[in-house]
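Everything numeric here is computed off the predicted structure, so don't read it as measured data. Naming: A, B, ... by sequence-line order, numbering from 1 per chain.
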Amino acid sequence: MLNRTQIREVLDTMEAMYPDAECELTHSNSFELTIAVLLSAQATDALVNKVTPALFDKYKSPEDYLAVPLEELEQDIRRIGLFRSKAKNIQKLCRSLIDDFDGDIPKERDELVKLAGVGRKTANVVTSVAFGRPAIAVDTHVERVSKRLGLCRWKDSVLEVEKALMKKIPEAEWSDTHHRMIFFGRYHCKAQKPACPECPLLYLCREGKKREKKTAAG
DNA sequence: CTCCCGATAT
DNA sequence: ATATCAGGAG
């Protein structure tokens with residue numbers, strides 16, 4: 001586990017690497033963002049961004065998504081994967097937006113998670129990106145990076161990772177750090193082929209040092 | 001815990 | 001061929 005000084009070095013290094021890291025899901029309002037994040041479960045942002053332009057052109061309101069048969073919406077998002085459950089969740093989400101939330105995406109996480117297909121991670125993204133609330137959404141990248149660097153314990157659940165990060169990172173830096181960790185994980189500390197040899201954080205990374213030994217021996 | 005699931009990288 | 005991708009529901 002990293003100490004205070006090391007955590008500061010991690011935050012500063014990531015800021016230097018990705019000073020302008022931000023949400024890469026294309027969207028023009030909180031409703032589109034929520035749909036995009038829901039669709040991005042177990043899919044890459046790049047793929048979601050290929051599908052959403054036509055999708056957002058066709059469906060502009062909750063009513064629009066409810067006006068077509070489920071099968072039609074399924075076909076419109078099929079390429080993203082998990083399309084049956086996602087299509088069903090989108091229509092359920094739109095129904096409850098109209099019935100329970102006056103047609104608007106709620107701003108609080110506790111309200112957001114009541115929507116179908118919206119769990120804690122998606123709610124954190126929406127409340128943070130769309131409404132500027134401080135939050136750390138722990139996705140696959142944030143979890144992997146946090147565990148490799150030692151910002152949390154290896155055995156931590158996703159919620160425990162989030163709590164560890166919120167405790168160790170100043171609240172004012174939550175949202176920026178969150179996006180920088182996404183970029184760091186997506187483009188540098190990748191799941192399959194991490195760039196350890198050229199990593200500025202290798203000196204304090206348990207996992208990176210292990211990998212260095214491995215490649216040196218093998 | 002399992003299931004959902006196509007696209008892409010390795 | 002297999003792993004992974006801005007997870008969530010049952």
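Within the 4.0 angstrom heavy-atom criterion, no nucleotide atom of any strand lies near A:Val37. Using a 4.0 Å heavy-atom criterion, one finds that A:Lys88 contacts no nucleic acid atom at all. In this structure, A:Arg78 reaches the sugar-phosphate backbone alone: every heavy-atom distance under 4.0 Å involves primed, P, OP1 or OP2 atoms, never a base. Residue A:Ala191 is classed as a sugar-phosphate contact, given heavy-atom separations below 4.0 Å to backbone atoms only.
For A:Leu82, whose side chain is taken as the heavy atoms from C-beta onward, the closest listed nucleotide among C:dC5, C:dG7, B:dG6 is C:dG7. Picking from B:dC4, C:dA6, B:dA9 the nucleotide with the shortest atom distance to the side chain of A:Gln192 gives B:dA9. Comparing C:dC5, B:dG6, C:dA6 against the side chain of A:Lys121 picks out C:dA6 as the nearest.
Between A:Thr122 and C:dG8, a side-chain N or O to OP1/OP2 separation shorter than 4.0 Å is present. For C:dA6, one of the phosphate oxygens OP1 or OP2 lies less than 4.0 angstrom from a side-chain nitrogen or oxygen of A:Arg186.
Look at CG on A:Asn89: it is 11 Å from C1' on C:dG10, rounded to the nearest Å. Atom CZ of A:Arg120 is separated from atom C1' of C:dA9 by 17 Å (rounded to the nearest Å). Rounding to whole angstrom units, NZ of residue A:Lys86 and P of C:dG7 are separated by 9 Å. In this structure, A:Phe184 places its CZ atom 17 Å from C1' of C:dA6, rounding to the nearest Å. Rounded to a whole Å, the NZ atom of A:Lys114 is 17 Å from the P atom of C:dG8. Atom CZ of A:Arg180 and atom C1' of C:dA6 are 17 Å apart (whole Å). Distance, A:Leu38 CG to B:dC4 P: 18 Å, rounded to whole Å. Atom P of nucleotide C:dC5 and atom OH of A:Tyr187 are separated by 13 Å, given to the nearest angstrom.
Heavy-atom distances to DNA chain C give each of A:Val125 and A:Gly117 a nearest nucleotide, and the one nearer the 5′ end belongs to A:Val125. Comparing A:Ala43 and A:Val113 along DNA chain C, the residue whose closest nucleotide (by nearest heavy atom) sits nearer the 5' end is A:Ala43. For the pair A:Lys50 and A:Arg84, both in contact range of DNA chain B, the more 5′-proximal nearest nucleotide belongs to A:Arg84.
A donor-acceptor pair is defined here as one N or O able to donate and one able to accept, closer than 3.5 Å; such a pair exists between the side chain of A:Lys147 and the backbone of A:Asp156. Judged by distance alone, the side chain of A:Arg144 and the main-chain N or O of A:Gly185 form a donor-acceptor pair under 3.5 Å.
With respect to the salt-bridge test (charged N to carboxylate O, under 4.0 angstrom), the residues A:Glu111 and A:Lys107 do not qualify.
Distance check on atom P: C:dA3 versus B:dT2 gives 15 Å, rounded to whole Å. Rounded to whole Å, the P atom of C:dA6 lies 23 Å from the corresponding atom of B:dC1. As rounded to the nearest Å, B:dA7 and C:dG8 have P atoms that lie 22 Å from one another.
Judged by distance alone, the side chains of A:Glu32 and A:Ser28 do bring a donor and an acceptor atom under 3.5 Å apart.
Proximity of residues 139-172 of chain A to DNA chain C (heavy atom under 4.0 angstrom from any strand atom) is restricted to A:Asp139, A:Thr140, A:His141, A:Arg144.
Residue A:Glu162 holds its CD atom at 10.5 Å from OG of A:Ser146, rounded to the nearest 0.5 Å.
Taking both residues in full, the closest heavy atoms of A:Val48 and A:Ala43 are given as CG2-CB, 4.4 Å, listed atom of the first, atom of the second, then distance.
For an aromatic pair to be called close, the ring centres must be under 6.0 Å apart, and A:Phe31 with A:Tyr59 fails this.
In this pair, A:Phe184 and A:His188 present their aromatic rings tilted. The plane angle is within the 30 to 60° band.
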